[in-house]
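Data first, discussion second: the structure below is written as structure tokens.
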Amino acid sequence: MAPASSRAIPNRAQTLDVLRLMGRYRPLLMLPGDDDGYGARWLLDGVEVQPGIAKYLIDGGFVAQTATTGFGARELTLTDSGRRLLDNGLRWWASLGLLQRWWVIVRG
């Protein structure tokens, strides 16, 4: 989450929150939704994850499918590059001051 690459990361604070919650053990669930006209939905601990964040993590190779539930949902967990992104993001966040953190939260 270096400043140079921050433009490609959708809503950096929320993306970092998703990565934190996933950690090493919590899967991101991808629920198929084409039948109802809404498209796929992504859940983490029962809370919906913004599609832009989920797609960024999937397209970037930061998460990968590890299992499928009995209901057809795909379980996605962090890859090695996803864990590196999380570690880099935590260091980046710790380096920010209070006003800088506020600005990132407000502006994305």
Side-chain angles (χ1 to χ4, degrees):
M1 293 201 163
S5 64
S6 64
R7 290 186 188 110
I9 300 172
N11 201 324
R12 295 174 289 169
Q14 286 185 8
T15 300
L16 184 56
D17 285 342
V18 167
L19 290 168
R20 276 187 200 144
L21 286 172
M22 288 184 74
R24 294 184 185 270
Y25 306 108
R26 289 186 177 145
L28 178 67
L29 294 178
M30 184 174 123
L31 306 174
D34 296 332
D35 295 341
D36 61 9
Y38 289 106
R41 290 181 215 134
W42 296 270
L43 299 174
L44 181 60
D45 286 347
V47 177
E48 192 164 356
V49 174
Q50 290 182 17
I53 293 173
K55 288 179 183 179
Y56 170 78
L57 294 175
I58 292 167
D59 293 346
F62 301 116
V63 294
Q65 182 176 342
T66 54
T68 305
T69 68
F71 296 107
R74 297 179 185 168
E75 289 185 4
L76 306 165
T77 57
L78 290 178
T79 61
D80 289 338
S81 61
R83 286 193 268 301
R84 281 192 302 275
L85 181 67
L86 171 59
D87 293 339
N88 291 339
L90 292 174
R91 278 194 298 278
W92 166 74
W93 189 257
S95 73
L96 298 178
L98 183 63
L99 289 176
Q100 291 170 314
R101 288 181 185 184
W102 177 80
W103 185 253
V104 170
I105 291 169
V106 170
R107 296 287 299 196

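Just so it is clear, the values below take in all heavy atoms, side chains as well, and ignore hydrogens, waters and symmetry mates.
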### Task
Under the side-chain contact (heavy atoms from CB on, under 4.5 Å) rule, what do Arg74 and Leu29 come out as? Steps first, then yes or no, please.
CA-CA 6 Å; Arg74 297 179 185 168; Leu29 294 178; over 6 Å; no
### Residues clustered with Trp103, ILVMFWY side-chain links under 4.5 angstrom
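Other cluster members: Trp102, Val106.
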### Query
Below 4.5 Å, heavy atoms only, C-beta onward: do Asn11 and Tyr56 meet side chain to side chain?
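No - every pair of side-chain heavy atoms lies 4.5 Å or more apart.
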### Task
Measure the shortest side-chain to side-chain distance between Leu85 and Leu78 over non-hydrogen atoms and say whether it is less than 4.5 angstrom.
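Not in contact.
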### Message
Can you give me the closest heavy-atom contact between Leu16 and Leu90, atom names plus distance?
### Response
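Taking every non-hydrogen atom into account, CD1-N, 4.0 Å.
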### Message
If I compare all heavy atoms of Leu76 with all of Met22, which pair ends up nearest, and what's the gap?
### Response
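It is O-CE, 3.4 Å.
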What distance do [X] atom [atom1] and [Y] atom [atom2] have between them, rounded to the nearest 0.5 Å?
X: Asn88; Y: Ser81; atom1: CG; atom2: OG; value: 11.0 Å
X: Lys55; Y: Met30; atom1: NZ; atom2: CE; value: 9.5 Å
X: Ile53; Y: Thr15; atom1: CD1; atom2: OG1; value: 4.0 Å
X: Arg12; Y: Leu96; atom1: CZ; atom2: CG; value: 8.0 Å

Can you give each donor-acceptor pair under 3.5 Å made by side-chain atoms of residues 42-49, sequence neighbours left out, with the distance rounded to 0.1 Å?
from: Asp45; atom 1: OD2; to: Arg26; atom 2: NE; distance (Å): 3.3
from: Asp45; atom 1: OD2; to: Arg26; atom 2: NH1; distance (Å): 3.4

### Task
For Gln100, check side chain to side chain donor-acceptor pair (under 3.5 Å) against everything at least two apart and list the hits.
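Gln100: no side chain to side chain donor-acceptor pair (under 3.5 Å) contacts found.
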### Message
Holding to side chain to side chain donor-acceptor pair (under 3.5 Å), I want the full list of residues that pass it with Arg101, two or more places apart in sequence or in another chain.
### Response
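None.
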### Query
Which residues pass the side-chain contact (heavy atoms from CB on, under 4.5 Å) test with Ile105, sequence neighbours left out?
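For Ile105, the residues satisfying side-chain contact (heavy atoms from CB on, under 4.5 Å) (neighbours in sequence not counted) are Ala13, Trp93.
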### Task
Could I get the full list of side-chain contact (heavy atoms from CB on, under 4.5 Å) partners for Asp80, not counting sequence neighbours?
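Only Arg83, Arg84 meet the side-chain contact (heavy atoms from CB on, under 4.5 Å) criterion with Asp80.
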For residues 59-71, dump all side-chain donor-acceptor pairs below 3.5 Å to protein atoms at least two apart in sequence or in another chain.
from: Gln65; atom 1: NE2; to: Thr68; atom 2: OG1; distance (Å): 3.1
from: Thr66; atom 1: OG1; to: Glu75; atom 2: O; distance (Å): 3.4
from: Thr69; atom 1: OG1; to: Phe71; atom 2: N; distance (Å): 3.4
from: Thr69; atom 1: OG1; to: Ala73; atom 2: N; distance (Å): 3.1
from: Thr69; atom 1: OG1; to: Ala73; atom 2: O; distance (Å): 3.4

